[in-house]
Amino acid sequence: MVAERPIGHPEYGRAVPCNCRAQELQARRLRSLQSIGTLETLHRLTFENFHAEPSHLPPDKQTNLRRACETCSNFAAQPEGWLLLSGSYGCGKTHLAAAIANRRVALGAPALFMIVPDLLDHLRSTFGPQSELPYDELFEQLRSAPLLILDDLGAHASTPWAQEKLFQLLNHRYNAQLPTVITTNQRLEELDPRLRSRLQDVGLVNHVLILAPDYRVGKASGQSDLSCLYLHRDYTFATFDAQRGDLTPEQRANLRETVVRCREYAEDPHGWLVLMGTHGCGKTHLAAAIANRFVERTRTDVMFVVVPDLLDHLRAAFNPQSSTPLDRRFDEIKRTPLLVLDDLGTESATPWAREKLFQLLNFRYTALLPTMITTSSDPKQIEPWLRTRMMDINRCLYLAIVAPGYRGSQVQQEKRIRRPARP
């Protein structure tokens with residue numbers, strides 16, 4: 001059809017599609033665009049099969065995940081503004097984003113789901129001579145899609161060209177306030193400053209931080225990849241021998257009192273608990289018993305780590321190939337609900353190691369975060385900055401175990417002899 005235009009108008013005498021034809025062309029473009037998306041392979045990801053309250057999560061993370069699911073479901077019903085889903089690998093971001101797209105498609109509304117590295121590959125391919133879709137047309141469709149869902153922002157190679165295209169795309173949608181969903185496992189400060197500025201606009205962007213751990217790993221609460229608590233799952237208060245026959249009455253009374261105080265701490269951990277004693281006296285057993293009881297009672301994360309191993313993990317995070325950068329790894333340790341540092345004093349006392357331990361323990365001391373430390377070092381051998389914190393009776397319970405080492409002792413050997421042989 002030819003629209004009525006005055007003489008001299010740019011569209012005077014030019015044929016333009018009617019409304020029905022324009023809608024048909026738009027629908028065709030969207031179908032063509034969706035064909036390069038990945039939603040077809042994610043049709044199984046819906047709100048109905050999203051497990052919003054898995055039993056292995058502690059209550060606070062169950063609540064967080066349920067609210068994230070409710071927020072995404074509400075957005076799918078009425079997409080307005082931007083929705084940013086952030087969290088660690090495998091926490092459910094992609095499932096929820098795909099569920100939004102599948103819900104919109106089920107309602108007869110268009111939705112374009114693209115993984116960011118794939119989107120950039122498609123844009124690059126339009127420059128090839130065999131491309132059926134010119135670059136300008138593809139990019140315009142992306143910019144103006146009624147609902148655009150970008151999965152894994154930050155997973156792409158951060159070249160100047162990639163940064164430019166993502167900025168152009170998202171800046172247009174930001175200015176036009178077009179409904180957009182973005183998932184990322186990056187921190188906002190790790191993104192392009194121009195994108196970060198727009199993603200922090202609370203007037204347009206609803207930022208949902210998902211706290212759940214990786215579903216794919218299948219680890220229960222308390223099983224950080226740094227934690228070695230699983231190696232001490234048989235270390236409980238029930239398996240701890242506080243009535244050793246080789247102890248003097250004073251040593252036995254001291255050990256019984258230590259166990260009582262550790263049991264109390266396990267039920268209500270606050271501040272610091274320091275267990276000091278010779279090698280093999282039971283420090284690690286009691287620390288693990290507290291951690292196991294805490295996990296059993298609260299289903300909350302516990303990080304149990306030997307100090308030299310902790311420093312090795314931090315050093316490994318410097319590697320460019322590391323899946324977890326140093327700042328994120330360090331923040332994970334600093335903020336864990338309960339931290340157990342086993343065998344403090346056995347690490348190499350390099351300036352870097354001292355600096356990291358100071359940063360970690362000073363933060364947890366100031367923030368009053370529950371922290372347990374086991375050490376065989378005499379207080380005089382401990383760094384002054386740490387010794388003063390360990391001796392602060394307002395924030396720290398310091399327990400010195402006077403019993404000698406149990407491993408290899410006559411009592412342990414006698415128990416082994418009396419133990420019935422395995423069939």
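Contact of the Leu148 side chain with the Leu178 side chain is not registered, since no non-hydrogen atoms from C-beta on lie closer than 4.5 Å. Side-chain contact between Ile290 and Val340 is absent, with no heavy-atom pair separated by less than 4.5 Å. Using a 4.5 Å heavy-atom cutoff, the side chains of Leu338 and Thr371 are not in contact. Inter-residue side-chain proximity for Arg263 and Val260 is flagged as unmet; no heavy-atom pair is nearer than 4.5 Å. Side-chain contact check for Gln177 versus Leu204: some heavy-atom pair is nearer than 4.5 Å. Side chains of Val274 and Leu397 form no contact here, defined as non-hydrogen atoms less than 4.5 Å apart. Considering only heavy atoms from C-beta on, Arg293 comes within 4.5 Å of Glu267 through its side chain. Contact check for Thr180 versus Leu83: no side-chain heavy atoms found under the 4.5 Å cut-off.
Looking only at distances, a side-chain donor or acceptor of Ser227 sits under 3.5 Å from a matching main-chain atom of Phe304. At distances below 3.5 Å, not a single donor-acceptor pair connects side-chain atoms of Asp331 with backbone N or O atoms of Asp327. Checked by atom type and distance alone, the side chain of Arg66 never pairs as donor or acceptor with a backbone atom of Glu53 at under 3.5 Å. Using a distance-only test at 3.5 Å, with no hydrogens or angles considered, a donor-acceptor pair links the side chain of Thr388 to the main chain of Trp385. With Thr374 contributing its side chain and Asp343 its backbone, the two residues share a donor-acceptor pair below 3.5 Å. In terms of modelled atom types and a separation under 3.5 Å, the side chain of Ser376 and the main chain of Gly277 share a donor-acceptor contact. Looking only at distances, no side-chain donor or acceptor of Arg256 sits under 3.5 Å from a matching main-chain atom of Ala242. Within the 3.5 Å criterion, the main-chain N or O of Asn254 finds a donor-acceptor partner in the side chain of Thr258. Looking at Ser73, its side chain never comes within 3.5 Å of a backbone N or O of Glu70 through a donor-acceptor pair. Not a single donor-acceptor pair under 3.5 Å links the side chain of Arg389 to the backbone N or O of Cys396.
Looking at every heavy atom in both residues, Leu123 comes nearest to Lys165 through CD1-CB, 4.3 Å. Across all their heavy atoms, Arg364 and Lys334 have their closest contact at NH1-O, 2.7 Å. Taking each heavy atom of Asn64 and Leu209 in turn, the nearest pair found is ND2-O, 3.0 Å. Annotation for Leu147 and Pro110: closest pair CB-O, 3.9 Å, computed over non-hydrogen atoms. When all heavy atoms of Arg315 and Ala353 are compared, the closest pair comes out as NH2-CB, 4.5 Å. Of all heavy-atom pairs between Glu80 and Phe75, the closest is O-CE1, 3.3 Å.
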- Derivation of the side-chain contact (heavy atoms from CB on, under 4.5 Å) call for Asp234 and Thr239: CA-CA 7 Å; Asp234 57 335; Thr239 60; 5.7 Å; no
- Task: Starting from the C-alpha separation in whole Å, work towards a yes-or-no answer on salt bridge (charged side-chain N to carboxylate O under 4.0 Å, His left out) for Arg354 and Glu347.
- Result: CA-CA 10 Å; Arg354 288 196 296 266; Glu347 70 281 357; over 6 Å; no
- Task: Start with the C-alpha gap between His95 and Thr46, add the side-chain angles, then the distance that decides, and say whether side chain to side chain donor-acceptor pair (under 3.5 Å) holds.
- Result: CA-CA 7 Å; His95 190 137; Thr46 66; 5.3 Å; no
- Task: Test side chain to side chain donor-acceptor pair (under 3.5 Å) on Asn185 and Ser88 and set out the steps.
- Result: CA-CA 5 Å; Asn185 50 47; Ser88 63; over 6 Å; no
- Message: Between Leu65 and Ile210, is the side-chain contact (heavy atoms from CB on, under 4.5 Å) condition met? List the steps.
- Response: CA-CA 6 Å; Leu65 195 58; Ile210 300 176; 3.6 Å; yes
- Task: Would you please test Val181 and Leu150 for side-chain contact (heavy atoms from CB on, under 4.5 Å) and show each step?
- Result: CA-CA 6 Å; Val181 178; Leu150 297 179; over 6 Å; no
- Message: Test salt bridge (charged side-chain N to carboxylate O under 4.0 Å, His left out) on Glu257 and Arg261; report intermediate values, then the result.
- Response: CA-CA 6 Å; Glu257 176 64 18; Arg261 304 299 293 274; 3.8 Å; yes
- Message: As a quick check of understanding, evaluate side-chain contact (heavy atoms from CB on, under 4.5 Å) for Asp268 and Phe294, giving each step before the final call.
- Response: CA-CA 9 Å; Asp268 182 25; Phe294 184 75; over 6 Å; no
- Message: side chain to side chain donor-acceptor pair (under 3.5 Å), that's the test. Do Asn102 and Arg44 meet it? Break it down for me.
- Response: CA-CA 9 Å; Asn102 286 320; Arg44 70 191 185 282; over 6 Å; no
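Rounded to the nearest 0.5 Å, atoms NZ (Lys93) and CG (Asp152) are 6.5 Å apart. Going from atom CG of Leu386 over to atom CG of Leu344 covers 6.0 Å, rounded to the nearest 0.5 Å. To the nearest 0.5 angstrom, Leu45 atom CG is 6.5 Å from Asn49 atom CG. The OH atom of Tyr398 sits 11.5 Å away from the CG atom of Leu273 when rounded to the nearest 0.5 Å. Atom NE2 of His172 is separated from atom CD of Glu140 by 6.0 Å, given to the nearest 0.5 angstrom. Note that CG of Leu360 is 6.5 Å distant from CG of Leu310, once rounded to the nearest 0.5 Å.
More than 12 heavy atoms of other shown residues, nucleotides or ligands fall within 6.0 angstrom of atom CG in Leu107. Within 6.0 Å of CZ in Arg187 there are more than 12 heavy atoms belonging to other residues, nucleotides or ligands.
Residues Thr284 and His232 bring no donor and acceptor atom of their side chains to less than 3.5 Å of each other. In summary, the side chains of Arg233 and Asn292 do not present any donor paired with an acceptor at a separation below 3.5 Å, with no hydrogens or angles considered.
Relative to the ring axis of Tyr365, Arg395 places its NZ or CZ within 45° and under 6.0 Å from the centre.
Here Arg198 does not pair with Asp201 in a salt bridge; the nearest charged N to carboxylate O distance is not below 4.0 Å. Salt-bridge annotation for Asp378 and Lys380: absent, with no side-chain N of the basic residue lying under 4.0 Å from a carboxylate O of the acidic one.
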